[in-house]
Amino acid sequence: MKSPNAGDRQDRRQMIGVMLMVIVACLGALDAMIARAVAPHVHPVFIGFTRSLFGLLVVLPWILSRPGILKSNYTYRHVLRAGLKLASLIAFFAAFAVAPLADVTAIAFTTPLFVTLGAWIFLSELPQRLRIVAVAIGFIGVLVVLRPGQGGVSAGLAFALGGALLTAVIQLVLKPMTASDRTETLVAWNLIATVPLAAIPALFFWSSPPAWVWGLLVAQGIMGALNMGLVTRAFSLADASLLTPIDFLRLPAVALAGWLVFGQMATMATWIGAVLIFVATLLMARSARGTIRPVP
């Protein structure tokens with residue numbers, strides 16, 4: 001039986017985890033705004049490179065001070081994961097450049113649905129009844145947001161859906177790696193491997209944007225690295241079933257920013273679809289009983 005002090009400590013840990021996830025959601029909304037703001041000046045491939053480069057520069061002193069964290073049994077798999085992560089980032093940056101921010105953000109939350117389907121198909125995990133219901137509800141929400149019957153799915157939302165699918169593949173690739181590699185190792189290798197992979201295609205889309213754009217790109221890279229650290233810390237303090245729904249604060253934050261800064265008004269279909277996706281993700285988080293972990 002836990003002592004009252006132990007219970008108080010656990011409550012404080014849970015509260016700190018919640019606060020960290022609120023910060024993560026706000027930083028995610030800022031990330032979307034930056035991607036939209038710099039889109040007229042730089043290509044999504046170029047944004048993928050700068051985000052990875054400046055993120056690595058931020059954490060490089062930490063990596064150099066702890067060289068032992070680079071020890072891993074999955075060198076080639078780290079490279080594969082980095083390539084998939086780069087592709088997913090580029091897909092989302094392309095989506096933010098041309099599609100409403102709220103719609104792209106809503107579609108981004110479909111990743112757990114694809115992870116569940118992939119686990120059933122490729123990892124032979126037996127589907128739970130609650131998760132089957134959650135996936136069905138979630139994909140109804142996706143259809144509501146995409147509105148395929150109204151002139152087809154836009155290219156921007158197709159990019160968003162592709163980014164969510166790639167992120168799900170990353171999680172499936174990552175799952176067996178977490179058995180022997182620490183979270184610090186996964187984070188470090190992800191940044192180290194992504195920069196050279198991103199540098200090659202970035203050369204073909206290189207540009208010389210204004211100074212203010214460079215400032216936003218630097219800020220975006222720093223926020224990306226900070227977000228990884230905050231998410232990792234939050235999930236070490238509190239249950240995933242408590243933290244996962246908090247990330248949905250990104251949607252109203254992005255919708256408000258899209259309206260105030262870019263004059264985008266989220267449609268009723270966006271909100272209805274997002275609510276369905278939120279319910280689906282909440283059901284899956286509850287069924288996992290705290291075992292879900294973030295992707296470093």
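In what follows, every heavy atom counts, from backbone to side chain, and hydrogens, waters and symmetry copies are set aside. Here the structure is a predicted model, which means the values were calculated and not measured.
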Derivation of the ring-ring contact (aromatic ring centres under 6.0 Å, His included) call for Phe46 and Trp214: CA-CA 11 Å; Phe46 187 80; Trp214 276 114; 5.7 Å; yes

Evaluation steps, salt bridge (charged side-chain N to carboxylate O under 4.0 Å, His left out), between Lys71 and Asp181: CA-CA 8 Å; Lys71 184 178 180 181; Asp181 279 9; over 6 Å; no

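- Qualifying salt bridge (charged side-chain N to carboxylate O under 4.0 Å, His left out) partners for Arg36, counting only residues two or more places apart in sequence or in other chains: none.
- Within the 3.5 Å criterion, the main-chain N or O of Ala102 finds no donor-acceptor partner in the side chain of Gln264.
- Each salt bridge (Lys or Arg N to Asp or Glu O under 4.0 Å) pair with one or both residues in residues 159-178, not counting sequence neighbours, appears once here: Glu125-Lys175.
- Applying the salt bridge (Lys or Arg N to Asp or Glu O under 4.0 Å) test to every pair with at least one member in residues 261-271, sequence neighbours left out, gives no pairs at all.
- Within the 4.5 Å cutoff, the side chain of Arg12 has no heavy atoms near those of the Leu237 side chain.
- Remark: Asp247 engages Arg250 in a salt bridge (charged side-chain N to carboxylate O under 4.0 Å, His left out) (not counting sequence neighbours).
- Within a 6.0 Å radius of CZ in Phe159, other residues, nucleotides and ligands contribute 12 heavy atoms or fewer.
- Put simply, the side chain of Phe248 reaches to within 4.5 Å of the side chain of Phe109, judged on heavy atoms.
- Arg131 contributes no side-chain N or O that, together with a main-chain N or O of Arg129, makes up a donor-acceptor pair within less than 3.5 Å.
- Side-chain N or O atoms of Trp189 include none that pairs as donor or acceptor with a backbone N or O of Thr75 at under 3.5 Å.
- With sequence neighbours excluded, the residues forming a ring pair (Phe, Tyr, Trp, His ring centres under 6.0 Å) with Trp212 are His41, listed by chain and number.
- Inter-residue side-chain proximity for Leu161 and Leu157 is flagged as unmet; no heavy-atom pair is nearer than 4.5 Å.
- Annotation: ring pair (Phe, Tyr, Trp, His ring centres under 6.0 Å) contacts of Trp259 (sequence neighbours excluded): none.
- More than 12 heavy-atom neighbours from other residues, nucleotides or ligands sit within 6.0 angstrom of CE on Met177.
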